[in-house]
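What you see is a predicted model, and the numbers here were worked out from it, not measured in a lab. Sequence lines set the chain letters: A, B, ... in the order given, protein chains first and strands last, and positions in each chain run from 1.
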Protein chains: 2
Amino acid sequence: MTALIDEKLLTLKRLAPKTILVHEGSISDEMIFIIKGCIRAWYNAEGQDITLQFFFEGDSVTSLESFLKNIPSTINIETLEECEVGILKKSNFSGLIKTDSEFKELFYETAIDKLLIHHNRLLSLLKDKPFHRYQQLLTEKPGIFQRIPQHYIASYLGITPVSLGRIRNRK
Amino acid sequence: MTALIDEKLLTLKRLAPKTILVHEGSISDEMIFIIKGCIRAWYNAEGQDITLQFFFEGDSVTSLESFLKNIPSTINIETLEECEVGILKKSNFSGLIKTDSEFKELFYETAIDKLLIHHNRLLSLLKDKPFHRYQQLLTEKPGIFQRIPQHYIASYLGITPVSLGRIRNRK
DNA sequence: GCGCAACGATAACAATTGTTAAGAAATAAA
DNA sequence: TTTATTTCTTAACAATTGTTATCGTTGCGC
């Protein structure tokens, strides 16, 4: 999707690990494109940190509801490792949507793709046991345990770190 | 959303309970608008019936991936009770998207709204125990147990009918 | 290089959910 | 009205996951 964006509209930045990009309660006015690195979205459930999603190179990242509807975000977004990103300001985004029909088309296609990703994740949570979800994750992202702390992965899978340890030791 | 659709483009139909509207493996070329009744989307996991979503009056229903991308649907959609629906054929839908920018805008807004609904459902599955999900469902749809068999509701919540029975008896 | 923080592993016990089976109640069909 | 099917409830046992606690390892910061 960045191929359609004039380089002048993207602000390049290098971010340290644990940099907060979106904070719950704040309105998000940036869309981030990951050039290099890893980012996660998480939800604060009364002090409990629930990991919702991981993003890698080539992904676009934002709190969509906050970004599009100008309401406070319910989620947090932060870097897991040092990242190189391109940042698209909301004002530039809105300009592109108005003037560049190809960009608008691609944005909506991307939104539909994200819907299908969420749908599949939802489906997996309903039909698969934690062990099977763990296996699927390994199949899709073989190197994930080298990049991401396993307690975040456990949270993403919907289980505790202790349970993930048991699952990993299962044969 | 139907307010923007010329009545001539909607085919009105009355459907019996257990009518299959979308079948896994088939390409879906209709978008259904519920005037009256209840419909559910479900996934066949090797013979296991997983209920994904319920739709009620005012909702639009389709297998989005199949409808938009012309690929076989992975889900099934069927009526739970006698329904009155309006059906919009894919060809009419495409015509509206091309010619009616207001309709197109609204369709994409609706798609974003569906994304947020999926996001919230995903979040609930990750952070809430079945009992809490059950309570949320009662809060959001108080009369749901009068309209839908409890074994479908159990499936939707991600638990077995036996577990749902235990939860309902918990005080 | 040392101290601290973060990460990871494991055990024991508790709680919850799944599975299987049986039977009652409600609904649908003949 | 009767029969068949579907839905619902419950018990007993099995399996899985959560909780709490402890300790070892690795990585970070000074």
Side-chain angles (χ1 to χ4, degrees), chain A residues 14-20 37-38 40 42-43 45-51 54 76 78-83 124-138 143-171, chain B residues 15-20 37-38 40 42-43 45-51 54 78-83 124-138 143-171:
Chain A
R14 182 177 293 251
L15 305 167
K18 289 205 178 274
T19 302
I20 303 288
C38 179
R40 82 179 176 116
W42 60 279
Y43 179 86
E46 286 144 19
Q48 192 189 359
D49 178 326
I50 308 288
T51 296
F54 299 113
N76 304 271
E78 72 179 11
T79 60
L80 287 176
E81 58 193 32
E82 186 173 353
C83 295
S124 181
L125 280 165
L126 285 172
K127 77 174 173 66
D128 297 322
K129 300 298 193 184
F131 180 73
H132 194 199
R133 299 206 291 272
Y134 163 74
Q135 284 188 314
Q136 281 178 319
L137 184 61
L138 282 190
I144 196 169
F145 277 90
Q146 277 71 59
R147 292 184 78 173
I148 295 174
Q150 67 88 28
H151 62 95
Y152 288 142
I153 296 173
S155 174
Y156 171 82
L157 292 173
I159 56 178
T160 65
V162 176
S163 295
L164 180 55
R166 291 189 192 117
I167 284 174
R168 295 182 79 187
N169 285 340
R170 214 185 286 175
K171 206 51 214 109
Chain B
L15 305 167
K18 291 209 179 268
T19 300
I20 303 288
C38 180
R40 80 178 177 116
W42 61 280
Y43 180 85
E46 286 146 17
Q48 192 189 0
D49 177 327
I50 308 287
T51 295
F54 298 113
E78 71 178 12
T79 59
L80 287 176
E81 57 192 33
E82 186 172 357
C83 295
S124 182
L125 279 166
L126 284 173
K127 77 175 173 67
D128 297 321
K129 300 298 195 188
F131 180 71
H132 193 198
R133 299 206 289 274
Y134 162 74
Q135 284 187 313
Q136 281 178 319
L137 184 63
L138 282 190
I144 196 169
F145 278 90
Q146 277 70 60
R147 292 184 76 176
I148 296 174
Q150 69 89 27
H151 63 95
Y152 288 143
I153 296 174
S155 174
Y156 170 83
L157 293 174
I159 56 178
T160 65
V162 176
S163 295
L164 181 53
R166 290 190 193 114
I167 283 173
R168 293 183 82 186
N169 285 338
R170 216 186 284 176
K171 205 51 212 106

Looking only at heavy atoms, which two atoms of B:Gly37 and B:Arg147 are closest? And how far apart?
->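 For B:Gly37 and B:Arg147, the tightest heavy-atom pair comes out as O-NH2, 3.3 Å.
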Side-chain donor or acceptor of A:Thr79 paired with backbone N/O of A:Thr19 under 3.5 Å = yes
With under 30° as parallel and over 60° as perpendicular, where do the rings of B:Phe54 and B:Tyr156 fit, or are they tilted in between?
-> tilted
In this structure, which one of B:Asp49, B:Ile148, B:Ile153 forms a side chain to side chain contact (heavy atoms under 4.5 Å, CB included) with B:Arg40?
-> B:Asp49
When the distance from [atom1] of [X] to [atom2] of [N] is rounded to whole Å, what number comes out?
| X | N | atom1 | atom2 | result |
| --- | --- | --- | --- | --- |
| B:Asp49 | D:dT7 | CG | P | 11 Å |
| A:Glu82 | D:dC28 | CD | P | 12 Å |
| A:Glu81 | D:dC28 | CD | P | 12 Å |

Let me have a per-nucleotide readout for nucleotides 5-19 of chain C, 5' to 3', with B, S or -, counting only protein heavy atoms under 4.0 Å.
-> --SS-BBB----BBB
Please confirm whether B:Arg168 makes a cation-pi placement over B:Phe145, using NZ or CZ under 6.0 Å from the six-membered ring centre and within 45° of the ring normal.
-> yes
